[in-house]
J.: 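Okay, handing you the structure first.
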Amino acid sequence: MFDLLEFDCLAKCQSVCWKWKQVISGSPTLAPKADFHKAVYLFNQKAQLGVDFVTKSIGMIPDAPDDIARFLCFPQLDRQQVGMYLGEKCNKDVLRAVLATQDFCGMHLDDGLRKCLANYRPVQTTSGMRRILKAFAVRFCDCNPHYFSECADEASETAYLLCFAMMMLNTDAHNSRVQTKMTRQQFVAYISSSLHLRVNIAYLEGLFDRVTAHEIRPEVAPAGSVQIVRNALRWVASIPWSS
């Protein structure tokens, strides 16, 4: 299993394996950092509890946006809890850090949105969803500065409004409780009249067709044993161990 792991050099591999051996053997000095299962359990009950546990209670990782963002990538964490955590106003820096790790260059807006939401379930609150979509829109336009003709601020606002419209369409098209579905013409008219966006009609029709044909939803595949070990070892390697 370990021969599949990719490290910069043999020395780093040996160092990480030594640290991991100390953790799993129950070393008293490293035991607090090894309570990963408890961290996952707490996070999956309530995200903030898990984050507070790993950053403040046992100091497993620094209380910094980039470090928390890496922690949120672990597949053992409940995806809905991740989405709820990222949607909180107080966690906007962590949300930016998560999005900063994703590359949307050369992608269509709807494909970028799918990638953004692939690893966590969209939050249920409108305010939380708005924060996630706005942060994604800014990141998408940073990656694709010429995707829209407007200046940067106007482009990100256009991207955000289109994303919000796509999420509304996604619910309308794929929720069985919605009996009367929105038509292509209604979608285009809504964006043109209600949102006052000057976007090519053919482009809007393409968005409609792709969203109605393929639901925007999390696509989290369960990690295999090799991937779980790889993730764990890389995380151990990133922990600032004291001498």
J.: From T212 OG1 over to K181 NZ, what is the distance, rounded to the nearest 0.5 angstrom?
T.: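 If we round to the nearest 0.5 Å, T212:OG1 and K181:NZ are 10.5 Å apart.
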
J.: Can you name the nearest heavy-atom pair linking A137 to S156, along with the distance?
T.: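 Shortest heavy-atom contact: CB-O, 3.4 Å.
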
J.: Does atom NZ (K92) have a neighbourhood of more than 12 heavy atoms from anything else shown, all under 6.0 Å?
T.: no

J.: State, to 0.1 Å, how close M168 and Y190 come at their nearest heavy-atom pair, and which atoms those are.
T.: SD-OH, 3.7 Å

J.: With rounding to the nearest 0.5 Å, note down the distance linking CD1 in I132 to CG in L117.
T.: 7.0 Å

J.: What distance do E157 atom CD and L197 atom CG have between them, rounded to the nearest 0.5 Å?
T.: 8.5 Å

J.: Does the side chain of D78 reach to within under 4.5 Å of the side chain of Y120, using non-hydrogen atoms?
T.: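 They are not in side-chain contact.
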
J.: Taking N144 for the side chain and F140 for the main chain, is one N or O donor matched with an acceptor at less than 3.5 Å?
T.: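 Judged by distance alone, yes, a pair lies under 3.5 Å.
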
J.: Would the F36 and F74 ring centres measure less than 6.0 Å apart?
T.: yes

J.: SG of C163 to CG of L207: how many Å apart, nearest 0.5 Å?
T.: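 Reported value, rounded in 0.5 Å steps: 9.0 Å.
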
J.: Looking only at heavy atoms, which two atoms of L95 and A135 are closest? And how far apart?
T.: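 Scanning both residues completely, I find the closest heavy atoms to be CD2-CB, 3.5 Å.
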
J.: Nearest 0.5 Å please: distance from the CG atom of L77 over to the CZ atom of F71.
T.: 4.5 Å

J.: Walk me through it: do R96 and V138 pass the test side chain to side chain contact (heavy atoms under 4.5 Å, CB included)?
T.: CA-CA 9 Å; R96 292 195 193 101; V138 172; over 6 Å; no

J.: Does F104 have its ring centroid less than 6.0 Å away from the ring centroid of F136?
T.: yes

J.: With heavy-atom distances below 4.5 Å as the criterion, would you say the side chains of M129 and T126 are in contact?
T.: no

J.: Looking at R139 and D142, is any side-chain nitrogen of the basic one under 4.0 Å from a carboxylate oxygen of the acidic one?
T.: no

J.: Ignoring hydrogens, what is the shortest heavy-atom contact between P62 and I68? Give both atom names and the distance.
T.: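 For P62 versus I68, the nearest heavy atoms are O-CG1, 4.4 Å.
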
J.: Calculate, to the nearest 0.5 Å, the distance between atoms CG and CE belonging to N91 and M84 respectively.
T.: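 That separation rounds to 11.5 Å.
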
J.: If you apply the rule side chain to side chain contact (heavy atoms under 4.5 Å, CB included), what do you find for T180 with D172, and how did you get there?
T.: CA-CA 8 Å; T180 304; D172 179 272; over 6 Å; no

J.: Taking only distance into account, with no hydrogens and no angle test, what donor-acceptor pairs under 3.5 Å do side-chain atoms of residues 46-56 form with protein atoms, sequence neighbours excluded?
T.:
unit_1 : atom_1 : unit_2 : atom_2 : d
Q48    : NE2    : D52    : OD1    : 2.9
T55    : OG1    : V51    : O      : 2.7

J.: Between the side chains of R184 and D209, is the shortest nitrogen-to-carboxylate-oxygen separation below 4.0 Å, so that they form an ion pair?
T.: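 Salt bridge flag = yes for R184 with D209.
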
J.: Indicate yes or no for a side-chain donor-acceptor contact from H174 to the backbone of I216 under 3.5 Å, with no hydrogens or angles considered.
T.: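 No; zero donor-acceptor contacts below 3.5 Å.
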
J.: Examine Y203 and I201 and state if one hydrophobic cluster contains both, with Ile, Leu, Val, Met, Phe, Trp and Tyr joined whenever side-chain heavy atoms are less than 4.5 Å apart.
T.: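 As far as the 4.5 Å side-chain criterion goes, I201 and Y203 are connected within one cluster.
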
J.: Less than 4.5 Å apart, any side-chain heavy atom of T183 and any of F187?
T.: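 Not touching, per the 4.5 Å side-chain cut-off.
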
J.: Specify the closest pair of heavy atoms between M166 and L113, including all atoms of both residues, with the distance to one decimal.
T.: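 What the structure gives for the nearest pair is CE-CD2, 3.9 Å.
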
J.: Keeping to residues at least two apart or across chains, list the side-chain hydrogen bond (donor to acceptor under 3.5 Å, both in side chains) pairs with something in residues 103-112.
T.: H108-Y147, D110-R210

J.: Under the criterion side chain to side chain contact (heavy atoms under 4.5 Å, CB included), I'd like the reasoning laid out for R70 against I61: C-alpha separation, chi angles, the key distance, then a yes or no.
T.: CA-CA 10 Å; R70 285 193 290 270; I61 61 173; over 6 Å; no

J.: Taking atom OH as the centre, does Y41 end up with more than 12 heavy-atom neighbours from other residues, nucleotides or ligands that are less than 6.0 angstrom away?
T.: no

J.: In sequence, state the C-alpha distance, the side-chain angles, and the governing distance for H214 and R114, and then conclude on side chain to side chain contact (heavy atoms under 4.5 Å, CB included).
T.: CA-CA 10 Å; H214 303 287; R114 291 179 191 279; 3.7 Å; yes

J.: I'd like to check F148 versus L162 (side-chain heavy atoms, cut-off strictly below 4.5 Å). Are they in contact?
T.: yes

J.: Are any of the side-chain heavy atoms of V199 and V188 separated by less than 4.5 Å?
T.: no

